[in-house]
Amino acid sequence: MSEAATPLGTASPGLLASLDPLLREWLPRQRWFAGKGRPVTGFSPVAATELLPADARLGLYHLIVRAHQPLVPVPGAPPHPGDCYQLLIGVREALPPRLAPALIGHVTRGPLAGHTVYDALYDARPAEVLLEALRTRDRIGPLRFERDRRQEIRSGLVPRLMTAEQSNSSVVYGDTFILKLLRRIVPGDNPDLELPLALAREGCPRVPAPTAWMAAHLDGRPWILGVLQPYVQGAADGWELALRELAKGEDFTAEARALGRATAEVHTALARALPTVTLGHSALGRLVDGMLARLEEAVHAVPVLRPYAPGLRSAFTALGDLAAEGRTWTAQRVHGDLHLGQCLRSPDGEWSLIDFEGEPARPLAERRMPQPPVRDIAGMLRSFDYAAHSAATPVPGWAETCRAAYCTGYAEVAGRDPRTDPVLLRAYETDKAVYEVVYEARHRPGWLPVPLSAVRRLAVADPARSA
Ligand SMILES: Nc1ncnc2c1ncn2[C@@H]1O[C@H](COP(=O)(O)OP(=O)(O)OP(=O)(O)O)[C@@H](O)[C@H]1O
Ligand SMILES: [Mg+2]
């Protein structure tokens, strides 16, 4: 059951053929399915591993499948092979009512004919199988379960699937650990494991240190499948907290400042742990060209941007001008998709940053590239703006004071205030706001005024007003 010389694991070769018609219906309905709007025309197996035999009361398969979704061919572009997904398939004679939301369907052909298959992450026993494999550092077919030997995993922790809308799936074990199973997967090092591991090596306390992780080894390459981390009990995320404080008309500047400090701690540790590079004239030229190209596409797609285009362009060309004068910047590994929702505050007030996968839609190589840390800072600054606009009763000046406090906190740890580099900050904030305009115009037109108000501010060539 392989695309190339991929090992079969221990699953029956007819397995995917029998699941195929059910998965074609089920997969596109999943929140984490990335290819929305295009039909799935078939699957090819990448790996199939039997974790519990299907002839028992409960069977369990781990599958990696490639979903075929024909694209309209673009002349000159290589054909898209289709995204790969990680599935955990449970097999039972019949589903108990509590598992109804997990139903994939009833199999009518092949080795599983007569059985019911379902998304096994909803079920306690399969989730326990994964934790047990991580605990014992098991190897099953191509699957490798690894654990930081200094961290123990107690057996008997009760699993529950998190049901929040997510681009992956997470299971919480006894409020002690959380296992994030990546759904759309690619071969190679994944920053969602790589960066927390690097931060743990540096002793950075702002990220829950990975306790264990799972990978598939196929054709000599690892595919990172999941990461187990300590669960921050009773945590609230920064977005929830900000909205709660806004609703009460309470000040959020102390938290914003703590978030700035936390971001700087993470950046400082990442710069120590992993290579940094100096961005000179040509690298900055490419960066500016990318920003300008995204702006032109956005103006084309969302004509309401047109009057602001010259001002927005100037945010990018000003950066290009500094580069032409010989100014350089340091790039390093960053979070890549930082916003209030990616920050967790424990009940004792400690902040952690989570979800280092970057923008999952971008290629892995791009997500792992060093970037100026201001990219994350710009993301957070935009997030304060979004929170302020989401308040039922607006609090005048809320976003501005939070943004300033965040930069102050950042400077306290990093030793440099992002506001002292206003051209760079404005360029990154503008790039982000332009992205948001396109996103909102496509998906949530009611939110379009939020990035548009930033666009109006950023289009004015007064970098001192950037934060
Ligand atoms: N270590 C943790 N402790 C407590 N809760 C956590 C932890 N890690 C993640 N969570 C919770 O799980 C949610 C999802 O985690 P995460 O953002 O890593 O998943 P994701 O699938 O990448 O989500 P998204 O769709 O937002 O990108 C978080 O919003 C948070 O509520
Ligand atoms: Mg994510």
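Read the numbers this way: they start at 1 and go in the same order the structure lists the ligands and their atoms.
- Here CZ of Arg24 is found 12.0 Å from CG of Leu19. Values are rounded to the nearest 0.5 Å.
- Take the N/O/S atoms of Asp355: the one nearest the Mg ion (ligand 2) is OD2.
- Applying the salt bridge (Lys or Arg N to Asp or Glu O under 4.0 Å) rule to Arg125 yields the partners Glu128; only residues at least two apart in sequence or on another chain are considered.
- Within 4.0 Å of ligand 1, protein heavy atoms come from Met162, Gln166, Ser167, Asn168, Ile178, Lys180, Pro208, Pro230, Tyr231, Val232, Gln342, Leu344, Ile354, Asp355, Glu357.
- Evaluation of the salt bridge (Lys or Arg N to Asp or Glu O under 4.0 Å) rule for Asp138 yields no partner, not counting sequence neighbours.
- The heavy-atom pair separating Ala235 from Leu344 by the smallest distance is CB-CB, 4.2 Å.
- Aromatic ring orientation, Trp32 versus Trp26: perpendicular (interplanar angle above 60°, classes split at 30° and 60°).
- Taking 2.8 Å as the criterion, Glu357 counts as a coordinating residue of the Mg ion (ligand 2), since one of its N, O or S atoms falls below it.
- The side chain to side chain donor-acceptor pair (under 3.5 Å) contacts involving residues 377-387 comprise Arg382-Asp385, Arg382-Glu436, Tyr386-Glu440, where partners must be two or more places apart or lie in separate chains.
- Classified by interplanar angle (parallel below 30°, tilted 30° to 60°, perpendicular above 60°), the ring pair Tyr439/Tyr435 is parallel.
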